[in-house]
Every structure is written in structure tokens, then in C-alpha cells.
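Working notes for the structure below.
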Amino acid sequence: MKRERPEADGETFATRSGLPLEPCYGPESVRSPPPPPGAFPFTRGIHPTMYRGKPWTMRQYAGFGTPAETNERFRYLLAQGQTGLSLALDLPTQLGLDSDDPEAEGEVGKVGVAIDSLDDMEAVFEGIPLGQVSTSMTINATASILLAMYEAAATRQGVPPERIAGTVQNDLLKEFGARGAWIFPIDPSMRLAVDVIEDCVGRLPRFNPISVASHYRDAGASPAEELAYTLAAGTTYVRACLDRGIPVDRFAPRLSFFFYTYTNFFEEVAKYRAGRRLWATLMRDRFGAKEPQSLAMRIACVCGGHSLTRAEPLGNVARTTLETLAVACAGVQSVFTAAHDEAFAIPTELSARTALRVQQIVAQETEVAKVADPLGGSYFVEALTDAMEDRGREILDELEARGGMVECLRSGLVQQRIARGAYEQQRAIESGAQPLVGVNYPPGLPPAGARGEEPDGIATQRLSRTAAMEKAKALARLRRGRDAGRVELSLFRLADEARGTQNLMAPIREAVLAYATVGEIARTLRQVFGIYQPPTAF
Amino acid sequence: MAARRIRVLIGKPGLDGHDRGARVVAMALRDAGMEVVYSGLRASVAQLASAAEQEDVDVIGLSVLSGAHLSACRRLIEELRRRGIEIPLVLGGVIPKEDHEELRRLGVAAIFGPESPLEEIVRTVSGLGFNGGSDR
């Protein structure tokens, strides 16, 4: 019989992490079947019945322009059946600059909403009951400030601190390693991160004070590297909390994680299963955690990111569908499915709705949410989970041997490996070694730029050009109307405590309630802590 | 006499921290035999202009993904003009089609997107660098 496509001599098959792929898997490929879902080490999921008992939260990243524009988009998404909120903040807010700061020029309201003061936070959530809906905020260097504003906005709605639910990302290590939204040097950044964790553990029992995030992947890391770097960062925060004197079983249940998911379906499923197994084992064996909630890794994820193409963007709906199905098979807790026009601009109402519909179709029209760990027991998936666990542990051990994650970030080792990975991936795409449909496949396709200009069905969301001006006016009004003495006193106290070792959440809350701005609070901290100086080698 | 190697400044202006593209392009240009300086994140317009001047570069490549490309290019071009420096400027990132004409009018020599092949970027930069170099 004639084979359709003979294997070339020496042709090998491997995953994106370089894990070898066999032509077929059998019982001999698997080490031992994992325990049921809900049981240590949680390979098969953290709950016994998974989505039957608790569906994943559909949480689409949204926010742009002014607080009023973002409030409108939030209400639209909730009306379309979204089950949680995810607040996108503009870069000035992420970097502690007010909207009228000269350094913020051109950036106000662009990649997220511009928040300057408590007034803005209240406006974003106007009419949205913060006692019922949970909110995730992708905020890191200024997480402490935004968390204080969120709590205050909820209090004004009559929702007490112990009832608010949500997440602040609050993971500075990946900002140094991959995402770049840092302000302060590494040590004071770690201190602030732990301040937020300590404060939440004591006062906001339903809030996740950190979401250890895997932006390393979107910057160029392989899935196995992504997993290892993220877990290494996780253990760094655990050590920092222990050093602060917080008992492990008190904070560990509140730690959460955030990962990227691309179209390498089976490897992604294996990554999450292996990740839970590695984390549970680390927490038990290295840190002596005992409570099941301390060992169970809770995961949020994004489906999209760098896997999405600018060429033939409608194909991205198929990509995010595969990715969303993968994370549902993997048993994650919260999902953001990116819009297919992500490589163009922030999503329009139509593309944002379509992305949410992808999640709803996966959840409602397939069986995936009705059965825990539906791929469990597949020879292939179990073997790949084992292989991913081994590879992840190898990289973790290597990082540890080189002095740990912080040391590897200081030296620039992690950043350089990631950049090298990104370069190799780009070359693999351009040589055709890694097929990317609509970009380099089918073979002979002319380059995207040479195929006529604007692609099918894309109407990019235009941003109002007046957001910055509106925000500057609002700031001027705010500064006229507030008690200037109270603001000054609160910032003075913050600076004073920043020079000491106290938890800074209380003085930050006081400044927020005095209507000090994000820029003023961050400037006060910058004056004490200084600014991070990154390695620029590439 | 051996030809002078083309020198390029890869700049990351504004507040955006996503420098995957900037680093990949920097590596590709270096592999193509050019000398490449990377500004690092959040380079100000004044820092970029000074670096271009001090490093005597033939081409500047800016990477912007945050939507701040118009103001970044406008301000850098003004700053270069103020200092009397003429260096070709190319731009890469998430740049909507609607803005291309305005960018060209400002004086941006080439605009690249997420799927521009590295080869094309290398060819364009090297062409611009060669022309720039011959004037000196």
C-alpha cells in the first residue's frame, strides 16, 4: 500500500517545548494513573466534580478610555452573560502616573481605562454590585493603590471589605522578567507585593492578593519554561511570606496563578495537569503546607495572546476555540478568551461579544463542563503530563541551582533565554518549520503584507482622542475640591512608613480616602524606593 | 577599506513594556551584520535622540504596541530636527492602517507589522542605512 506522506529520514516530531512525540501511545507509556479529581496532587483538577459544582468564571479583559466608557463596556459584557469582570488599566495607571503627567502623553486610556483617583474607580463600577460580582485587575506595581481604591469604592456601595471578591495580579517578578510594567527596584517591589498579600489575608478573605502570572510565555518562553518560571516565581513569593512570619496555611490558600494558552492543544492540557501536580508537591514537601486548599493550584488563563495572527484574523476564532476547549479540558478556574482582532487594536463590541460566545459555546454545547478531567486516562495525555512534569522540574531545579528566580532575573538570564526563544520561534515561522495557517501555510502563500491591505471583517475600535483632555480636566477639578492638607499629611505619613518596615496598606488606604491620586501616591513611594534599572542586553 | 557596518538604534519609547518584537528585530539585524543598540524600555524622546547622536546610528527603529505611535514619532522627529540630525526612522508594532498616511507624512520611512518577515525588515533597514551612510 502506498503511504500518502512518507516520513522523511530523520524527521522527528516534538511539542513546542521539545518533548518528543511518539506515533502512538499505549499503557506502557504511562507511569501510574493519577488519583481522582479533588485529591492530592490535583493532577485531574482541584474539585471532585469540577465544573458541575463550580463552572469556570468567564472573565473577559476589558477597559479603555474614560471610566464612563469602561463602565458601559462592563455592563454590556455582563448583559451578554459574562460571569466576572477583568479590568484593563492604561499604562500610566499601571506605572503610577496621573493622566496629566507629561510622561503619560499619548498613552491615556489606550490599552485600558485611566484611573487617577477614587472618583474614577467609583465611576467604573457605577451600578455594578460589587458584593455579587468579582473583579480581576491586571495591576502590579500599583496593585496596592488600586486595591485600596476598589475596596473604598465597594464600601461606598455598602459592601463591606470581607465580602468583596476578586484578584489583583500583584506579581512583580514577571514584570522584571517579561512584561516590563515595573516601577520600583526588586526588593521594595517584593515588599509591596507581600504587604498586599498580608493585608488581604487579614482583612479581605475573599480576595486573591496575587496571581502569579506567566507572561514569560507571550514574550517567547516555551510551555515548559513558562510553567517552570511561573512556579519558580510562586515559590519566591511563598518564601517572602514565610519570611514575613505569615503561617503557610494562612496565605497559601489565597495564592492564584495565571497562564497563557496557545493552539498546541494536548501540550497545553498536559501543562496545566503537570503544573498542579508540581505545585501541590512543592507546597507539601518544601514548605510543609497541610491544608488541601494550600496545595490546590487555582488557575486563571488567557486564550490567545501571541498565538493570534494579524493575517486572516477570522481564523483566530478557530484558534481561541481550540484554546478555550483545551483549558476547559485542563480544569482551570477562570478564562479570558481573547478577541480575534487582538493583533489590530482593543476589541470592538462585536469582537468582544464573539470572544465571550466562544466560551459559552464550549461550556454549553460540548460535554466538557459535565465531566471532570475528560482527557484523564488517555495514554497520550497522561504520558505528556508526566513528560511535562519532568521537564518543568528540571528547569525549576536549574533556576534553583543558579540562585533562584530573583537572581536569574537580576542577571538577565531569564530575559535573554526568553528573547532567544522568541527569535527562534520567529525564524521557525519564517522558514515554514512551524506552520501558521494564513501566515506561512499553505506553502507559497505570499507574505501577509503583500496580499492587499485590510483583512476580512475587521473594523478596529477607535479610541476617543478626548479621553486625555477629559481626564486632565477631572484631575484639575479633583485637586481644587479636595482637602489639600489631608492629602499632604497622608502622603507624608506614607513616605515616613515606607522608610520603615511597616505594612504600607494602611497609609495607602488613608491616602486614597483623602483623594490622593495614583500618581501622587506612586511618586511618594518612588522618592523613597527609587526606580528599577533593567539589564538592556539582548 | 572595509565598508562601515550599518549602525541601528532600536528604541522602545513610551510606557509599553512588551519588547518581544523589539528584541527579535534587534537580533535579526545583528545577525545580518549590523551593529545594534537597544534603548531598553520607556526611553524618552530626548534619550533616543541623544543615543542616536552619540552612537552615530544610520537608522532608528521604533517599536510601539500601545497605540502611542503617532505622538511618539511626531515628538522624536521634532526632537531630531531641533538638534539638526537627519536619520531615517522606521516603525514597527500594532499600527492601524488609518494612521499610515499620517506617519508617512511625518517622515516615517517604513512601517512594519506583526507579520512583516524579518528578511524584509533587514532589507529595508539595510537599504536605508546604506543610503544614510553614504552621505557621511
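Reminder, nothing fancy here: chain letters follow the sequence lines and each chain counts from 1. The basis for the numbers below is simple: all heavy atoms, side chains too, and nothing from hydrogens, waters or symmetry mates.
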Heavy-atom cut-off 4.5 Å, strictly under: side chain, backbone, both or neither for [X] against chain B?
X	value
A/Gln94	neither
A/Asp90	neither
A/Glu430	side chain
A/His215	neither

Do B/Arg23 and A/Gln416 meet the criterion of a side-chain donor-acceptor pair at a distance under 3.5 Å?
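The answer is no; no qualifying pair exists.
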Between B/Ser66 and A/Glu107, is there a side-chain donor-acceptor contact under 3.5 Å, judged purely by atom types and distance?
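Note: A/Glu107 and B/Ser66 side chains meet the donor-acceptor criterion.
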Evaluate the side-chain proximity of A/Pro534 to B/Leu41: yes if any heavy-atom separation is below 4.5 Å, no if none is.
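No. Closest side-chain heavy atoms not under 4.5 Å.
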Are A/Trp182 and B/Arg42 packed together at the side-chain level, in the sense that at least one heavy-atom pair is separated by less than 4.5 angstrom?
yes
Which portion of [X] sits near chain A, non-hydrogen atoms under 4.5 angstrom:
X	answer
B/Ala72	neither
B/Ser44	neither
B/Val36	both

So which heavy atom on A/Arg420 is nearest to which on B/Met27, and how close?
NH2-SD, 3.8 Å
Taking all atoms of both residues into account, what is the closest heavy-atom pair of A/Phe344 and B/Val94, and its distance?
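Closest approach of A/Phe344 to B/Val94, heavy atoms only: O-CG1, 3.0 Å.
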Using a 6.0 Å cut-off, check whether atom CZ of A/Arg526 has over 12 heavy atoms from anything other than its own residue.
yes
Quick check on B/Arg81: does its CZ atom have over 12 non-hydrogen neighbours (other residues, nucleotides or ligands) under 6.0 Å away?
no
Tell me which of these, B/Gly14, B/Ala22, B/Ala28, has more heavy-atom pairs under 4.5 Å with chain A than the rest.
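Max contact count across the listed options: B/Ala28.
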Considering heavy atoms only, which positions within residues 173-181 of chain A lie below 4.5 Å of chain B?
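Residues A/Ala178, A/Arg179, A/Gly180, A/Ala181 are the ones that qualify, each having a heavy atom under 4.5 Å from chain B.
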Count the heavy-atom pairs under 4.5 Å between each of A/Asn440, A/Leu436, A/Asp218, A/Ile429 and chain B, then report the option with the highest count.
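Sorted descending by pairs with chain B, the first entry is A/Asp218.
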Taking every non-hydrogen pair under 4.5 Å, which of A/Gly220, A/Gly106, A/Ala343, A/Ala219 racks up the most with chain B?
A/Ala219
Excluding sequence neighbours, so at least two apart, what forms side-chain contact (heavy atoms from CB on, under 4.5 Å) with A/Glu103?
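For A/Glu103 the side-chain contact (heavy atoms from CB on, under 4.5 Å) partners, ignoring immediate neighbours, are A/Leu97, A/Asp101.
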Counting only N and O atoms by type, is there a donor-acceptor contact under 3.5 Å from the side chain of A/Gln426 to the main-chain atoms of B/Leu118?
no
Whether A/Arg310 side chain and B/Gly113 backbone form a donor-acceptor pair below 3.5 Å
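Here the side-chain-to-backbone pair does not exist.
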Are A/Gln415 and B/Asp19 close enough, and set up right, to give a side-chain contact (heavy atoms from CB on, under 4.5 Å), and what steps lead you there?
CA-CA 11 Å; A/Gln415 296 89 322; B/Asp19 64 350; over 6 Å; no
